[in-house]
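One structure below.
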Amino acid sequence: MPLTAGVISGIQRMVLYETRARYFLVGSNQAQTKHRVLKIDRTEPKDLVIIDDKHVYNQHDVRELLGRLDLGNRTKIGQKGSGGLSRAVVAYGIVGFVRFLEGYYIVLVTKQRRMADIGGHSIYKIEDTSMIYIPNDSVRVTHPDEARYVRIFQNVDLSSNFYFSYSYDLSHSLQYNLTLLQRPYELCPSLASSTEEEVHTECRQGGFDIFEDEGLPTQVVYGVRNEPYSKYIWNGKLLDRVKDAVHPDWLLYIIHGFCGQSKLLIYGRPVYITLIARRSSKFAGTRFLKRGANCEGDVANEVETEQIVHDASVMSFTAGSYSSYVQLRGSVPLYWSQDISTMMPKPPIRLDQADPYAHVAALHFDQMLQRFGSPIIILNLVKKREKRKHEKILSEELYPAVTNLNQFLPPDHCIEYIAWDMARYTKSKLCNVLDRLSMIAENVVKRTGFFINQANFYCHTLRPDDRWGDVGGHITESGRLQTGVLRTNCVDCLDRTNTAQFMVGKCALAYQLYALGMIDKPKLQFDTDCVRLFEELYEDHGDTLSLQYGGSQLVHRVKTYRKIAPWTQHSKDIMQTLSRYYSNAFSDADRQDAINLFLQVFQPSESKPHLWELPTDFYLHQKSTMALTVDRPSYTMWWSDGVLSYLPVAYDEVPCEKNMKKVKVKRVNHFDESTDIYTEFFKPYELTAFEDHFCITMVNSAREFMPKTVAVDPSPFTVRKPEETGKSVLGNKSSKEETLLQRKTAASAPPPPSEEAISSTSEDDSEEDRDDDASVSQRSTPIKLLTDSGENTRTQEEHQQQQTAKEPYGLNLAMFPTERDTLIYQRFARLGGGQHKVEKAERINLANIISLEPVSCLVEDSIYSVSPPKVDRDSRIVFESHVMTGRGQVRALCRDDMLMYREYVKNRYM
């Protein structure tokens with residue numbers, strides 16, 4: 001069977017040249033061996049005219065073409081400054097084309113930065129962009145409101161958390177992308193016209209085959225290019241005008257959200273942990289202006305979070321080990337909103353429209369069934385008990401909607417609903433929030449499973465664990481698929497949701513590492529290097545998403561719910577709350593206008609009111625509200641056609657005819673640049689340095705979190721004490737760096753006395769966690785064994801310790817103290833002995849406790865046989881009961897035992 005690989009974009013660098021009549025955009029691949037030219041007409045004042053000749057130039061041809069263009073556009077006088085071809089800007093991709101009231105603009109990516117690497121596929125963050133007006137000044141028709149629209153459009157900061165990749169589809173999950181490569185493409189309709197001659201032709205044009213002269217068959221690779229998922233693409237509308245007229249390599253799709261990657265070193269073995277968050281472009285907006293769902297089932301603040309774990313020692317998607325887990329957050333899928341005109345910190349929640357048949361919830365869950373499969377698990381964290389109904393209104397509407405939809409689904413694929421008042425649980429001093437969340441996370445991960453691309457792991461055979469057999473998902477010949485998803489929500493889907501997602505992600509990470517053979521059991525403890533690294537990723541993830549939607553960073557973090565946050569965190573929480581309130585009250589309206597204009601939800605026109613003149617944007621996002629639908633969907637069969645027949649597997653991942661039409665496949669040579677990920681990543685044609693490589697500069701568990709002292713267990717799964725963290729011994733730092741380190745570290749320092757007054761905190765860790773902390777810290781302490789021949793070694797070590805003690809204490813312990821110092825010490829010892837004198841009632845005879853019987857007949861021999869002490873009957877009964885319990889034979893519980901256990905359960909979990 002031929003290999004399958006994703007198509008790498010052939011345009012990764014471009015230069016914009018300008019003349020008075022045209023723009024020439026010359027794009028090239030990374031090695032600058034293949035070029036394409038795009039011609040943009042500048043004589044049309046309001047129309048966009050783009051010509052792509054679809055021809056591939058080499059470096060010599062493109063230089064000759066540019067030379068002729070420069071010569072042909074010069075003036076007859078020969079003045080070089082007044083004509084010819086001038087170089088305007090160097091770019092790395094086209095964001096799109098946009099028009100307001102005058103002509104079109106082109107938006108180009110002018111600066112990028114690598115953020116992650118997944119199997120050799122680089123993910124970049126946009127650092128800077130350039131917006132260039134296309135029509136020439138001689139044909140420009142000015143409009144007084146054009147500049148205002150440009151300012152509103154540029155309020156969307158493209159240099160803030162927008163990401164793209166030339167070879168990896170960021171709009172889909174890793175499970176989808178790797179499943180796409182495993183489909184059978186031999187009988188694909190798009191390959192009907194492909195022949196072996198075309199493969200040989202491409203080989204001769206683009207490179208060479210070392211086996212061609214030997215008469216051996218050329219190895220064929222299927223290059224796969226798939227349509228992106230439109231919900232998570234933010235520049236889809238900006239590229240609609242040109243996507244049918246230009247080659248697909250010109251199209252650069254970007255996502256908005258978060259991307260972070262860290263390296264976990266397990267005794268030198270690199271494991272990359274990547275966190276990717278995709279924010280939905282449907283019904284997008286700011287906190288109080290976008291609530292609930294629209295009429296198409298799209299919800300506000302919908303973010304898909306995916307954590308990817310892979311062994312970085314093997315780069316290939318086919319030979320490497322990759323695992324991923326996906327979860328979702330989003331507003332409650334109902335028609336609801338909050339009125340911000342009252343200038344209240346918590347505006348009242350109101351239901352805008354009655355939905356007795358849960359129509360909008362049905363549309364939303366239908367989308368989830370298509371993308372994720374079943375089961376869909378809802379974790380609802382809103383409050384249940386309130387003096388005045390506020391958040392409870394949403395729970396009272398969501399639960400009946402889910403119940404109504406479930407009565408039409410098959411019992412095996414019903415939507416599961418978990419309601420838990422996390423805020424009330426946090427305020428209780430008898431409960432531990434994270435313990436309860438870990439129990440929920442364990443059940444969720446076992447229901448949905450996770451994705452892994454290898455089926456030949458024997459970790460559960462070599463290190464068996466009872467929990468492995470309960471893990472769900474769909475098992476295939478090539479691995480395991482995640483089926484279903486956890487959907488978490490509170491009111492804002494920010495603070496509580498991020499903590500809940502962290503706990504679920506921590507549980508899933510343990511199973512992923514166990515499946516990859518990195519740990520011996522699927523469980524991770526707090527205060528380990530691994531969990532601290534993962535917690536740092538999730539804090540950055542939560543802060544970024546909170547800034548995008550709420551206008552401030554997270555108010556309550558994981559350390560807040562663990563009650564280990566420093567005393568300065570309370571004042572920071574107050575500042576974040578004030579910042580969020582200010583952003584919601586004064587700047588959210590401008591941000592919402594910018595989002596509406598960037599996503600082309602509103603398109604300016606001279607025949608309709610301006611964007612700032614609209615009293616509301618409700619009808620921009622609720623397009624079908626005023627229209628009478630011809631085909632009204634069924635209230636009972638509310639799912640799309642074909643979805644139920646493939647459950648629990650997601651319909652989008654099934655190789656059916658509808659999905660195969662979205663894929664474009666071409667047959668190429670094995671050495672073709674469009675599928676050679678090795679050349680794409682390692683760049684053998686460039687001179688690079690190790691210190692400039694991305695894998696050197698990324699966050700490293702050994703460098704950032706492991707203690708810098710000697711004789712410490714280097715395992716990232718060992719529980720560390722607060723003083724053992726790597727970031728606490730980094731030396732003097734500036735105030736800015738100290739703030740950054742304080743934010744990044746996850747050291748579990750005990751809270752100050754005033755911590756009890758801080759709201760939204762929880763109880764300390766469980767006894768089980770504390771016992772684990774003590775046991776692991778004891779194991780990490782080095783133990784020295786003395787043998788018969790080790791006396792000289794001990795003397796040398798004592799001498800070295802005495803020499804090293806001279807530096808901090810200023811004296812040499814090897815020398816005898818002076819007579820004056822000896823008198824002072826004797827006087828002090830005599831004084832202390834008089835203060836602590838204790839009169840004993842009777843003399844203790846050691847012979848009654850331990851009997852020492854000489855073994856040897858020699859008098860001066862010091863070897864004795866120790867007889868065991870006498871044990872009374874009650875102690876013997878307790879010990880025998882303990883041993884029998886370990887063997888599975890438990891004695892009957894008495895009434896006092898039952899009362900003690902009930903009291904323990906009541907104090908711990910009720």
Decide yes or no for Leu486 and Val445: does some side-chain heavy atom of the first lie under 4.5 Å from some side-chain heavy atom of the second? no

Donor-acceptor pair, distance only, cut-off 3.5 Å: does the side chain of Tyr549 make one with the backbone of Arg287? yes

Of Glu302, Lys282, Glu296, Lys231, the one forming a side-chain hydrogen bond (donor to acceptor under 3.5 Å, both in side chains) with Gln367 is Lys231

Identify the heavy atoms of Ser701 and Leu264 that sit nearest to each other, and give their distance. OG-CA, 3.6 Å

Look up atom CD1 in Ile255 and atom CZ in Arg279, then write down how far apart they are to the nearest 0.5 Å. 11.5 Å

Near Glu657 CD, under 6.0 Å, is it more than 12 heavy atoms from other residues, nucleotides or ligands? no

Going through the checks in order, is the side chain to side chain donor-acceptor pair (under 3.5 Å) test met by Tyr399 and Asn380? CA-CA 10 Å; Tyr399 180 69; Asn380 187 15; over 6 Å; no

Taking side chain as C-beta onward, heavy atoms only, is Leu554 less than 4.5 Å from Thr499? no

Around Asp412, counting heavy atoms of other residues, nucleotides and ligands shown, do more than 12 lie under 6.0 Å from its CG? yes

Using 30° and 60° as the class limits, which term best fits the ring planes of Tyr635 and Tyr357: parallel, tilted or perpendicular? parallel

Heavy-atom closest pair (Gly542 atom, Asn498 atom, distance to 0.1 Å) is CA-OD1, 3.3 Å

Step by step, would you call Leu398 with Tyr417 a side chain to side chain contact (heavy atoms under 4.5 Å, CB included)? CA-CA 10 Å; Leu398 179 60; Tyr417 181 85; 3.8 Å; yes

Are the side chains of Asn453 and Phe317 in contact, using a 4.5 Å heavy-atom criterion? no

Let me see the working for Lys506 and Leu434 under side chain to side chain contact (heavy atoms under 4.5 Å, CB included), right down to the final yes or no. CA-CA 11 Å; Lys506 172 177 168 287; Leu434 300 188; over 6 Å; no

Taking atom CZ of Phe408 as the centre, report whether more than 12 heavy atoms of other residues, nucleotides or ligands fall under 6.0 Å from it. yes

For Gly257, is there any backbone N or O sitting under 3.5 Å from a side-chain donor or acceptor partner on Gln548? yes

Are the side chains of Met422 and Cys490 in contact, using a 4.5 Å heavy-atom criterion? no

Check: Glu397 side chain, Leu334 main-chain N or O, donor-acceptor pair, under 3.5 Å: no

Run Asp492 and Arg291 through salt bridge (Lys or Arg N to Asp or Glu O under 4.0 Å) and show every step you take. CA-CA 9 Å; Asp492 298 325; Arg291 294 293 209 189; 2.6 Å; yes

What residues form a side-chain contact (heavy atoms from CB on, under 4.5 Å) with Pro411, not counting sequence neighbours? none

Where does the angle between the aromatic ring planes of Phe502 and Phe526 fall among parallel (under 30°), tilted (30 to 60°) and perpendicular (over 60°)? tilted

What residues form a salt bridge (charged side-chain N to carboxylate O under 4.0 Å, His left out) with Asp520, not counting sequence neighbours? none

Search all heavy atoms of Pro333 against all heavy atoms of Ala293 and return the closest pair with its distance. CA-CB, 4.1 Å

Do Leu178 and Phe451 touch side chain to side chain, with heavy atoms closer than 4.5 Å? yes

So do Val433 and Trp420 actually touch side chain to side chain, heavy atoms under 4.5 Å? yes

Using the six-membered ring wherever Trp is involved, compare the ring planes of Tyr511 and Phe450 and label them parallel, tilted or perpendicular (cut-offs 30° and 60°). tilted

Heavy-atom side-chain proximity of Ser280 to Asp298 below 4.5 angstrom: no

Begin with the C-alpha distance, continue with both residues' side-chain angles, and end with the deciding distance and a verdict on side chain to side chain donor-acceptor pair (under 3.5 Å) for Asn659 and Asp652. CA-CA 7 Å; Asn659 292 334; Asp652 289 349; 5.2 Å; no

Would you mind telling me which of Asn235, Leu170, Ile233 makes a side-chain contact (heavy atoms from CB on, under 4.5 Å) with Ile254? Asn235

Do Arg424 and Lys384 come close enough that some side-chain heavy atom pair is under 4.5 Å? no

Tell me if a side-chain donor or acceptor on Ser324 pairs with a main-chain N or O of Ile308 at a distance below 3.5 Å. no

For Lys237, does the NZ atom have more than 12 heavy-atom neighbours from other residues, nucleotides or ligands under 6.0 Å away? no

Short question: side chain of Asn301, backbone of Leu545 - any donor-acceptor pair under 3.5 Å? no

Quick check against the 3.5 Å criterion: does His256 have a side-chain atom that pairs as donor or acceptor with the backbone of Asn161? yes

Can you tell me which residue among Arg467, Glu442, Gln512 is in a side-chain contact (heavy atoms from CB on, under 4.5 Å) with Pro522? Arg467

How far apart are the C-alpha atoms of Glu535 and Arg557, what are their side-chain angles, what is the distance that settles it, and do they pass the salt bridge (Lys or Arg N to Asp or Glu O under 4.0 Å) test? CA-CA 10 Å; Glu535 183 181 344; Arg557 305 173 182 274; over 6 Å; no

For Lys658 and Tyr651: C-alpha separation, side-chain torsions, deciding distance, then whether side chain to side chain contact (heavy atoms under 4.5 Å, CB included) applies. CA-CA 10 Å; Lys658 179 181 178 182; Tyr651 178 75; 3.6 Å; yes

Checking Gln261 side chain against Asp117 main chain: does a donor-acceptor pair fall under 3.5 Å? yes

So which heavy atom on Leu405 is nearest to which on Ala362, and how close? CD2-CB, 3.7 Å

Within the distance-only criterion (no hydrogens, no angle test), does the side chain of Glu416 pair as donor or acceptor with the backbone N or O of Pro375 below 3.5 angstrom? no

Results of side-chain contact (heavy atoms from CB on, under 4.5 Å) for Ala650 - residues two or more places apart only: Glu653

Please check this pair: side chain of Ser165 against backbone of Ser122, looking for a donor-acceptor N/O pair closer than 3.5 Å. yes

Check the angle between the aromatic planes of Tyr168 and His121 and answer parallel, tilted or perpendicular using the 30° and 60° thresholds. tilted

Among Arg329, Gln307, His541, side-chain hydrogen bond (donor to acceptor under 3.5 Å, both in side chains) partner for Gln501: Arg329

So, for Asn404 and Ala358, which heavy atoms are closest and what is the spacing to 0.1 Å? ND2-CB, 4.1 Å

Residues His621, Asn596; criterion side chain to side chain donor-acceptor pair (under 3.5 Å); working and verdict: CA-CA 9 Å; His621 295 271; Asn596 292 338; 2.9 Å; yes

How far apart are the C-alpha atoms of Arg278 and Glu306, what are their side-chain angles, what is the distance that settles it, and do they pass the side chain to side chain contact (heavy atoms under 4.5 Å, CB included) test? CA-CA 8 Å; Arg278 310 173 183 91; Glu306 178 183 19; 2.5 Å; yes

Parallel, tilted or perpendicular, judged at 30° and 60°: which one describes the rings of Phe164 and Tyr166? perpendicular

Just checking, is any N or O donor in the side chain of Glu536 or Ser262 under 3.5 Å from an acceptor N or O on the other one? no

Counting only N and O atoms by type, is there a donor-acceptor contact under 3.5 Å from the side chain of Arg480 to the main-chain atoms of Gly449? no

What heavy-atom pair brings Ser316 and Tyr322 nearest, and what distance separates the two atoms? O-CE1, 3.2 Å

